[in-house]
> 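Here you go, one structure.
This structure is a prediction, so every number in the text was calculated from the model and none was measured. Residue numbers begin at 1 in each chain, while the letters A, B, ... track the order of the sequences.
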Protein chains: 2
Amino acid sequence: MSADTRRPTMKDVAALAGVSLSTVSRVVNGDPGRPDLARRIQDAIDLLGYERDHTASTLRRTDRASASIGLLVADVGNPFFAAVARGVEEIARERGSVTMVASSDEDPARERELATALAARRVDGLVVVPTDGSPGPARVPTVFVDRPPRYADADTVLTDNFGGAVAAVTHLRAHGHRRIGFLGDRSTLHTAAERLRGYLGSLPDPSPARTDLSSGRLDPSLVRTDLEGSAAAFDAACALLRGDDPPTALFTAQNLITTGAVRALRALGLQHRVALVGFDDLPLADALDPGLTVVAQQPVTLGRAAARLLFSRIDGDRAEPRTEVVPTTLVVRGSGEIAR
Amino acid sequence: MSADTRRPTMKDVAALAGVSLSTVSRVVNGDPGRPDLARRIQDAIDLLGYERDHTASTLRRTDRASASIGLLVADVGNPFFAAVARGVEEIARERGSVTMVASSDEDPARERELATALAARRVDGLVVVPTDGSPGPARVPTVFVDRPPRYADADTVLTDNFGGAVAAVTHLRAHGHRRIGFLGDRSTLHTAAERLRGYLGSLPDPSPARTDLSSGRLDPSLVRTDLEGSAAAFDAACALLRGDDPPTALFTAQNLITTGAVRALRALGLQHRVALVGFDDLPLADALDPGLTVVAQQPVTLGRAAARLLFSRIDGDRAEPRTEVVPTTLVVRGSGEIAR
DNA sequence: GCGGAAACTCGAAACGTTTCGAGTTACCGT
DNA sequence: ACGGTAACTCGAAACGTTTCGAGTTTCCGC
């Protein structure tokens with residue numbers, strides 16, 4: 001109701017308790033001092049409902065730690081990044097830090113703008129999913145996650161995109177498939193490029209010169225990249241499956257692309273004839289018919305690892321920048337086990 | 001490399017430009033003053049790479065606005081809340097504010113703790129998804145979202161849970177169903193209670209005294225509440241469908257419960273015989289067989305509305321607390337149109 | 001060239017806190 | 001009872017910024 005009343009400050013507490021400002025500060029920071037004074041001060045605090053202003057405290061304190069970090073992702077609304085955010089926040093909270101999140105929407109200009117906005121709030125560090133036009137190294141400790149930065153060599157936590165793709169393609173080959181289609185994301189994205197590399201690397205002869213169709217070696221017509229979103233993937237999958245000598249299996253390298261391919265297979269009635277392995281898990285994947293076999297990432301783990309690395313830097317770790325790689329797991333549910 | 005160099009301050013800029021501190025402040029805040037000085041100051045700023053400390057600025061400024069808000073949800077990792085967060089952040093960014101998000105994990109103690117942590121950072125306001133044990137009204141402007149607070153009457157933005165449930169059940173009744181099973185979440189949750197109320201309200205005779213089975217009026221054995229998670233929903237759905245006189249349709253009132261029911265129907269081979277409408281949309285819902293008919297929420301809209309309401313309060317809107325209701329939409333995909 | 005207003009700049013004080021050095025009190029052994 | 005020291009408290013200064021009142025310069029019309 002009468003909310004216009006000023007927040008009480010340490011000065012108010014000191015006046016009410018009849019002690020000096022610095023004594024209140026000491027007590028608030030956990031050094032009891034004389035028991036009777038501590039008592040009076042605590043009573044005054046309770047009476048006034050005093051709460052310490054963390055920003056003013058940060059300003060003066062010698063370590064200047066704001067107990068807050070920034071998280072810059074492409075889009076918090078995307079479940080993958082949301083899970084990363086969850087992991088970051090979890091570790092931050094353990095450390096008593098709060099997390100400021102911002103979505104760059106893959107726009108480098110916005111990314112820069114948000115990074116400086118966070119830096120202006122004096123965050124202790126930054127966890128960043130970098131966009132294509134990555135900014136130079138920042139003044140504040142930074143750990144990159146999910147994608148490496150373009151120019152700097154810096155602390156980075158990545159999914160094993162290459163290994164995951166190899167596992168997917170190897171799995172399909174083990175079920176007899178030799179003509180395996182690849183549907184991938186924008187090729188400028190590090191993750192997309194790595195997954196394509198894994199796909200190419202699991203073919204028996206990765207030499208780009210040899211493209212012997214019958215042996216299951218690389219056939220460029222089986223590779224579709226730069227698909228943006230589910231609809232584009234649907235179209236590409238339909239075209240691939242309707243073409244001459246169509247693939248007997250698909251590897252879809254991103255979650256929206258996977259859903260597009262699933263729809264395409266159903267639309268053509270091929271969901272039980274053409275095998276499919278997707279990169280990144282999806283809710284309901286097990287409820288499909290057939291169940292969807294995927295290479296699952298561990299986004300929460302990714303976020304946790306990035307945050308831990310960041311806090312070790314904040315704590316003064318001056319070692320060389322390092323890169324951590326989080327493994328994937330192949331989740332077998334049916335769609336990937338359809339034999340040729 | 002040599003990162004231990006202190007950040008430049010306004011004082012440094014003033015010294016380099018040969019002007020007073022207050023002149024620098026004016027220029028930084030957009031009042032040019034004498035052109036030659038403004039020029040010298042701008043050069044000094046560029047040379048030093050000066051960036052204004054937003055926290056110190058907040059401390060001194062008379063409006064005390066920190067240009068940051070807090071968002072307290074059950075779990076950012078949950079796609080629904082992630083979408084809410086996205087909506088909130090979008091509006092905040094338009095206003096030049098950053099968003100600090102924190103996950104309460106439905107724990108009232110943690111909720112309180114996080115709320116004070118955010119308040120200590122002097123956020124301008126709070127958007128909160130309240131837990132069961134809601135805290136009293138806070139000292140900082142607060143808007144509740146997705147669920148109403150328990151004790152205060154305060155600004156709130158809600159999904160039309162009742163209306164959505166009515167739409168779902170009405171839809172099923174229109175396809176001839178009279179025995180409709182209800183599977184719901186923890187009944188202490190406002191959302192769960194409202195959806196149950198909607199279910200009950202769409203039966204022809206909502207009087208709890210009359211439970212005429214043959215007419216499709218309320219049969220208590222068709223209602224299962226307090227299901228926590230997908231597995232519990234799976235079990236409950238199986239039990240319901242295997243019982244005597246089983247329902248011919250199901251209304252599942254939460255997304256995890258929906259996935260459990262989908263699995264149960266498939267496990268029993270009933271997915272084409274028993275109708276299903278779920279509350280809250282899911283990725284891949286259209287790729288199921290049959291496609292999953294749902295009552296879709298608009299979480300991003302929810303977040304946007306909450307943030308807009310919050311900023312109007314921050315801007316000094318002193319009107320009575322209000323409640324906004326965001327409508328749902330019925331997305332028809334097949335599972336809800338199976339006739340009796 | 002002059003008075004006066006407008007436009008600008010300056011220094012000091014303030015925001016809420018922590019830190020520092022100096023001052024005060026309490027306590028100990030002898 | 002005394003000196004010495006440990007434990008504590010106090011006031012003032014500082015963190016980086018904005019604000020305020022007072023001082024200075026600029027510019028205009030006459």
> In whole Å, I'd like the distance from the CZ atom of B:Arg64 to the P atom of C:dA14.
15 Å
> Starting at CG of B:Asp12 and ending at C1' of D:dT17, how long is that distance when rounded to a whole Å?
13 Å
> Name the nucleic acid region contacted by B:Arg52, choosing base, sugar-phosphate or nothing; use a 4.0 angstrom heavy-atom cut-off, strictly under.
sugar-phosphate
> Using a cut-off of 4.0 Å on non-hydrogen atoms, how would the nucleic acid contact of A:Thr62 be classed: base, sugar-phosphate, or nothing?
sugar-phosphate
> Would you mind classifying the nucleic acid contact of B:Thr23 as base, sugar-phosphate or nothing, using non-hydrogen atoms under 4.0 angstrom?
sugar-phosphate
> Measure distances between side-chain N and O atoms of B:Ser20 and base N and O atoms of C:dG11, and say whether any donor-acceptor pair falls under 3.5 Å.
no
> What distance separates A:Phe144 CZ from A:Leu72 CG, expressed to the nearest 0.5 Å?
9.5 Å
> Which part of the nucleic acid, if any, lies within reach of A:Thr58 when heavy atoms closer than 4.0 Å are counted: base, sugar-phosphate only, or nothing?
nothing
> Looking only at the side chains, is there a donor atom on one of B:Thr131 and B:Glu106 sitting less than 3.5 Å from an acceptor on the other?
no
> Send over the distance from A:Met10 CE to C:dC15 P, rounded to a whole Å.
15 Å
> Which is more 5' along DNA chain C, the nucleotide nearest B:Gly18 or the one nearest B:Arg122? Just name the residue.
B:Gly18
> Test your reading of the model: is there a side-chain donor-acceptor pair from A:Thr142 to the backbone of A:Val140, 3.5 Å cut-off?
yes
> Without decimals, in angstroms, what is the distance between B:Arg26 CZ and C:dG11 C1'?
14 Å
> Does C:dC10 have OP1 or OP2 under 4.0 Å away from a side-chain N or O of B:Ser22?
no
> Base, sugar-phosphate alone, or nothing: which one does A:Leu21 contact when heavy atoms must sit under 4.0 Å apart?
base
> Pick base, sugar-phosphate or nothing for A:Ser57, based on heavy-atom distances below 4.0 Å to the nucleic acid.
sugar-phosphate
> Give the rounded distance in Å between these two atoms: NE2 of B:His54 and C1' of C:dC15.
15 Å
> Take the protein atom CZ of B:Arg39 and the nucleotide atom C1' of C:dC8, then report the distance between them rounded to whole Å.
20 Å
> Which atom pair, heavy atoms only, marks the closest approach of A:Thr55 to B:Arg121?
CG2-O, 3.6 Å
> Rounded to whole angstrom units, what separation is found between the CG atom of B:Asp36 and the C1' atom of D:dT26?
12 Å
> Closest nucleotide of DNA chain D for B:Arg61 versus for B:Arg34: which of these residues is on the 5' side?
B:Arg61
> Using a 4.0 Å heavy-atom cut-off, does B:Thr9 contact any base of the nucleic acid, only the sugar-phosphate backbone, or nothing at all?
sugar-phosphate
> Without decimals, in angstroms, what is the distance between B:Asp53 CG and D:dA14 C1'?
14 Å
> Counting any heavy atom closer than 4.0 Å, what does A:Val28 reach on the DNA or RNA strands: base, sugar-phosphate only, or nothing?
nothing
> What are the two closest non-hydrogen atoms of B:Leu158 and B:Pro148, and how far apart are they?
CD2-N, 3.7 Å
> Taking for each residue the nucleotide of DNA chain C bearing the nearest heavy atom, is the 5' side occupied by B:Leu59 or by B:Ala38?
B:Ala38
> Would you kindly check whether a donor in the side chain of B:Arg60 faces an acceptor in the base of D:dT18, or vice versa, at under 3.5 angstrom?
yes
> Do the charged groups of A:Arg86 and B:Asp75 touch, with an N to O distance under 4.0 Å?
yes
